[in-house]
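Below is one structure; the comments refer to it alone.
For clarity, every value in this text was computed on a predicted model and none was experimentally measured.
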Amino acid sequence: MTAHSADPQTTAPLSGHATVTRLPTSYPLVDPELDACLDPDLFQQGFDESLAYLSSLPSTWARHHAASVLENGTDPDDDLSYQRGYRAGLYGFLRHGTP
């Protein structure tokens, strides 16, 4: 008997094809997070503006601003899509930003 290696090429299915992650019936792909009232352009604008503002601040102030806005909310006069993008940028900064 031969020992099996941990190399992914040797542990791939015997057919040599990639692992199936979706069944063919799942196309077209539908994003469950995307809804009819979301404007992708306003969402992207809010996201970009939040990251631009956070990058202009010292890191401790940026983390404080992001946490405060996520806790207290954003300006209610802003469009909902913009708010969602802005909050997504803040969350991403807190979750994945540099300390």
Side-chain angles (χ1 to χ4, degrees):
M1 237 159 111
T2 60
H4 294 286
S5 69
D7 181 45
Q9 296 297 328
T10 60
T11 57
L14 295 176
S15 66
H17 297 288
T19 304
V20 174
T21 58
R22 294 181 189 262
L23 296 175
T25 57
S26 65
Y27 292 101
L29 299 178
V30 176
D31 187 356
E33 298 294 320
L34 190 63
D35 54 38
C37 70
L38 181 70
D39 180 355
D41 294 330
L42 282 175
F43 181 91
Q44 188 65 47
Q45 180 186 357
F47 185 86
D48 293 340
E49 287 180 9
S50 70
L51 293 182
Y53 181 68
L54 292 173
S55 67
S56 72
L57 298 173
S59 63
T60 53
W61 291 9
R63 284 194 302 275
H64 175 72
H65 172 73
S68 297
V69 171
L70 286 174
E71 181 180 346
N72 300 323
T74 55
D75 184 4
D77 294 334
D78 288 337
D79 186 79
L80 182 61
S81 297
Y82 179 87
Q83 286 181 16
R84 288 172 67 181
Y86 195 87
R87 292 175 61 84
L90 298 177
Y91 177 79
F93 179 82
L94 288 176
R95 180 75 182 198
H96 305 289
T98 57

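Checked by atom type, the side-chain pair Gln44/Asp48 shows a donor-acceptor distance below 3.5 Å.
In plain terms, the two heavy atoms of Ser50 and Gly85 that are nearest each other are OG-O, 4.4 Å. Of all heavy-atom pairs spanning Ala66 and Phe93, the tightest one is CB-CD2, 4.4 Å. Between Leu57 and His65, the closest heavy-atom pair is CD1-CB, 4.3 Å.
To the nearest 0.5 Å, atoms CG (Leu94) and CG (Leu54) are separated by 8.0 Å. Note that the OH atom of Tyr91 and the NE2 atom of His96 stand 6.5 Å from one another [nearest 0.5 Å]. Taking CD of Gln45 as the reference point, atom OH of Tyr82 lies at 6.0 Å (rounded to 0.5 Å).
The shortest side-chain heavy-atom distance between Arg63 and Ser59 falls under the 4.5 Å cut-off.
Residues Leu42 and Leu80 do not share a hydrophobic cluster, clusters being chains of Ile/Leu/Val/Met/Phe/Trp/Tyr side chains in contact below 4.5 Å.
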